[in-house]
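In what follows, chains are A, B, ... by sequence order, proteins preceding strands, each numbered from 1.
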Protein chains: 2
Amino acid sequence: MDYFEIYHPGLSIDCVIFGFHEKELKVLLLKMQNMDKWAVPGGFVKKDEDVDTAAVRVLKERASVTDVYLKQYHLFGDITRNNSAYVDKLVDKKVITDKSSLWFHQRFVTLGYYALVEFSKVTPAPDHISDSCEWVSLSELPELILDHQQIITKALHALRKQLKFQPIGKNLLPEKFTMTELRVLYETILGEELDRRNFQRKMLGYGILTKLKETRKGGAHKAPFLYCFNEEIYNRSLENGFNTVW
Amino acid sequence: MDYFEIYHPGLSIDCVIFGFHEKELKVLLLKMQNMDKWAVPGGFVKKDEDVDTAAVRVLKERASVTDVYLKQYHLFGDITRNNSAYVDKLVDKKVITDKSSLWFHQRFVTLGYYALVEFSKVTPAPDHISDSCEWVSLSELPELILDHQQIITKALHALRKQLKFQPIGKNLLPEKFTMTELRVLYETILGEELDRRNFQRKMLGYGILTKLKETRKGGAHKAPFLYCFNEEIYNRSLENGFNTVW
DNA sequence: TTTCATTGTGTCGTTATGACATATTACAGA
DNA sequence: TCTGTAATATGTCATAACGACACAATGAAA
């Protein structure tokens, strides 16, 4: 494969995939073959491809993830994000061929996207250049290549900022969910506890939720009602934002 | 000049420079030599240069603007932003040489920055490849090259979003200003009127302003007090944001 | 049947907000 | 010098939003 023919030079894409499970925010990470460091799924932009399209493709190719909320949040373009040493190691471990190392030795800027996906809909599977693919808690991040730690941190901050004035949850929760599950999602992203009763009042005030007749049985306690998002109002709020803040 | 030697391939930078004058939000535009369309000041990223540094350099080289608030807001990477036709015209008009046209014919993605500057501190002056440089009202934008219209529109939206939960004004207003001047700035950016009295109450509530003893005389009316920003609290609010919204 | 954990709903005092009234004052013109 | 004008400084008031918290309801387990 001749990278130089196919791909836009010096530009890569990295996708921070967020999932929510067991009261924790997780990211989907890959481990390169024979390497001991992890990475966010990434890839390159084809010469005749929109960058947004490339991001969707990368998600699909490298993490088998489709149908997600995907958002461009930052271009990482510091000169210090040099991967020469790393590339040599990749060549050494035969993850990439010596011939293609010329491509990888270029200086790259990388465009960061974050994706919100429903945890249960993703079956982590390594692609042909990774030997593992796993959900990892944000609190237990392993050692990451290059500046991927920073890329994840900045994605989280961007997500928090978005949460402040836009609805969130549609791609992180199953179709039906309880108010508590939604609140715990907010608490997890924000990293702080929210009052159960006030949260409900405020959230219902936005009108983005539809209360269902069903309840979720199973716990040794009163069965909570299920909710789903009102697509129309949800999407309108995504566009216009709330005029309030968490 | 051999662009291929010096610059990072396929990556450009465009800076939307906002200034505020006579109750209007303006942007600084350049007109290329012998061309009838205008452009936002832009440039390329050197191979050994951080993209943020490149943005600062571009501002300085092309618009003689220094000491500004500068923020990266979006990478424009659609394949439709093709400039082949435009480049041919540039060659035709001898704005660029035929030799360097190879560089310009590449597909480019462009990184958008917006800059906030104090109107009076800038003396628009065309650089060596432009034949004019002017402040232009957002409401009276001339015909622009490529997708520069979209680049400006998106910058304005990003600025509005920022305004919603961060202080703004330090780089758009002179050191000392009246409450009315600050409010009119907000009104201009938001595109809506705000209640004079409620604005003052809310703004003072943030604590980012220091009321001065001086007043601005000159009008046939009560002289308004002058204010300046409390640097420390202003900067802290820039970091953390307000927990409220305009 | 009792207990427990968690949910549904409501209250209350405080603060923030939007709408608006009134007093103040620099300058212009009589 | 006095008065009118235009804009500012400051305050009031009713309402809405918010944070803190109380208590009843209910599914399942003991």
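In this entry the distance linking CD of B/Gln200 with P of C/dG18 reads 15 Å, nearest Å. B/Leu194 places its CG atom 19 Å from the P atom of C/dA16, with the value rounded to the nearest Å. Residue A/Leu182 contributes atom CG, which lies 19 Å from atom P of C/dT6 at whole-angstrom precision. The CH2 atom of B/Trp246 sits 8 Å away from the P atom of C/dT17 (whole-angstrom rounding). Note: OH (B/Tyr206) to C1' (C/dT15) measures 14 Å, nearest angstrom.
A heavy-atom distance below 4.5 Å is found between the side chains of A/Ile152 and A/Leu29.
Distances shown here put a side-chain N or O of B/Thr244 below 4.0 Å from the OP1 or OP2 atom of C/dT17.
Taking the six-membered ring for Trp and the full ring otherwise, B/Trp246 and B/Phe165 have centroids separated by 6.0 Å or more.
Within a 6.0 Å radius of CD in B/Glu192, other residues, nucleotides and ligands contribute more than 12 heavy atoms. Heavy atoms from other residues, nucleotides or ligands lying under 6.0 Å from NZ of B/Lys176 number 12 at most.
Salt bridge B/Glu134/B/Lys31: absent, no basic N to carboxylate O contact under 4.0 Å.
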Listing time: all N or O pairs from protein to nucleotides 20-27 of chain C that are below 3.5 Å?
unit_1: C/dC20; atom_1: N4; unit_2: B/Arg197; atom_2: NE; d: 2.9
unit_1: C/dA21; atom_1: N7; unit_2: B/Arg197; atom_2: NH1; d: 3.1
unit_1: C/dA21; atom_1: N6; unit_2: B/Arg197; atom_2: NH1; d: 2.8
unit_1: C/dT25; atom_1: O2; unit_2: B/Lys222; atom_2: N; d: 3.0
unit_1: C/dA26; atom_1: O4'; unit_2: B/His221; atom_2: O; d: 2.8
unit_1: C/dA26; atom_1: N3; unit_2: B/His221; atom_2: N; d: 3.1
unit_1: C/dC27; atom_1: OP1; unit_2: B/Gly218; atom_2: N; d: 3.2

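Side chain to side chain, A/Ser130 and A/Arg62 meet the donor-acceptor criterion of an N or O pair below 3.5 Å.
For the pair A/Thr178 and B/Lys202, nearest-nucleotide mapping onto DNA chain C gives the more 5' position to A/Thr178.
Applying the side chain to side chain donor-acceptor pair (under 3.5 Å) test to residues at least two apart or on different chains, the pairs with a partner in residues 162-171 of chain A are A/Tyr69-A/Gln162, A/Tyr114-A/Gln162, A/Gln162-A/Gln166, A/Lys170-A/Glu231.
The CG atom of B/Leu190 lies 4.5 Å from the CG atom of B/Leu163; values are rounded to the nearest 0.5 Å.
Mapping heavy-atom proximity under 4.0 Å, the span of DNA chain D touched by chain B runs 5' to 3' from D/dT5 to D/dT12.
For B/Arg201 and C/dG18, a side-chain-to-base donor-acceptor distance below 3.5 Å is present, hydrogens and geometry of angles not being considered.
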